[in-house]
Amino acid sequence: MELCKEDYTRPSPPSADLEIRRTNPQYDWQEAPDVSVFYGRSEELLQLRQWILEERCRLVGLLGIGGIGKSTLAVKLGLQIQSEFEVMVWRSLLNAPPVEEQITNILQFLLWALRKEMVIPESFDRKLSKLMECLQSNRCLLILDNVETILSGGQAGQCRPGYEGYGQLLKRLGEVPHISCVLFTSREKPEKLYR
């Protein structure tokens, strides 16, 4: 196998990537993986850029078996296009956090970054409405990694007991008009998206 120049990117010093993340407070990368060494996937990156920036898709899923680089691809893409958004938020669902806790966490950052009043509603429905309000009035990029952890595994694409709120969240993000984009990675497609 022979590599072409387009098949790889030069690794950036880890400190440069970390510095980019630190100096831009409107970008919240939390514990996103390091992508300073990244090979190939140029076609996939171009396709995703087109869907998100040109076609303005509201909800984009990166689906595939474990270990193929979905998270890395999402981070690389996010770093490339984050300047096109007012706010960028990365959240991992790896440890299956409760949906209300995750939405509260996302809202706290969004409201702070957008310099809006830091009033977070108590009920789940109102939190969801507040999140949608932010995504409708501001161009935001929200990346949700490892969505499969909140799915049951036994029944294709259905949420685990106690995590049904994520199904409501994904359904709302896909159905309700907004000017933002939510990119998620998963080993399986959430059922709420294909009903």
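Excluded from the calculations below are hydrogen atoms, water molecules and symmetry mates; all remaining heavy atoms, backbone and side chain alike, are included. In this chain, residues are counted from 1 in sequence order.
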*Is it true that R139 and E84 make a salt bridge, defined as a side-chain N closer than 4.0 Å to a carboxylate O?*
no
Any idea which heavy atoms bring [X] and [Y] closest together, and the distance?
X    : Y    : answer
C181 : V60  : SG-CG2, 4.2 Å
P121 : K127 : O-CE, 3.0 Å
E175 : R58  : O-NH2, 3.7 Å
V176 : H178 : O-CD2, 3.1 Å
A74  : L183 : CB-CD2, 4.0 Å
I179 : S137 : CD1-C, 3.9 Å

Is any side-chain heavy atom of [Y] closer than 4.5 Å to one of [X]?
X    : Y    : result
R126 : I120 : no
N95  : T149 : no
L110 : C140 : yes
L63  : E188 : no
I106 : R91  : yes
P97  : Y166 : yes
I103 : N105 : no
L73  : E44  : yes

Going by atom types alone, do [X] and [Y] pair a side-chain donor with an acceptor below 3.5 Å?
X    : Y    : value
E55  : Q50  : yes
N138 : K116 : yes
T104 : K130 : no
Q82  : W90  : no
R172 : S129 : yes

*asked:* Rounded at 0.5 Å granularity, tell me how far CD1 in I81 sits from NZ in K76.
replied: 13.0 Å
[X] side chain to [Y] backbone, donor-acceptor under 3.5 Å:
X    : Y    : answer
Q136 : P177 : yes
K70  : G64  : yes
S180 : L135 : yes
D28  : Q30  : yes
Y27  : V87  : no
E164 : G162 : yes

*Might you work through the side chain to side chain contact (heavy atoms under 4.5 Å, CB included) test for V99 and F124, ending with a clear yes or no?*
CA-CA 9 Å; V99 67; F124 172 74; 3.8 Å; yes
*Report the C-alpha separation of L93 and D145 in whole Å, then their side-chain angles, then the decisive distance to 0.1 Å, and conclude whether the side chain to side chain contact (heavy atoms under 4.5 Å, CB included) test is met.*
CA-CA 6 Å; L93 304 185; D145 192 33; over 6 Å; no
_Pair C57, I52 - check side chain to side chain contact (heavy atoms under 4.5 Å, CB included), show working._
CA-CA 5 Å; C57 293; I52 294 170; 5.6 Å; no
*asked:* Quick one, L79 with W29, criterion side chain to side chain contact (heavy atoms under 4.5 Å, CB included). Give me CA distance, side-chain angles, the key distance, then yes/no.
replied: CA-CA 10 Å; L79 287 168; W29 284 99; 3.7 Å; yes
*Geometric class of the F109/W112 ring pair [parallel <30°, tilted 30-60°, perpendicular >60°]*: tilted
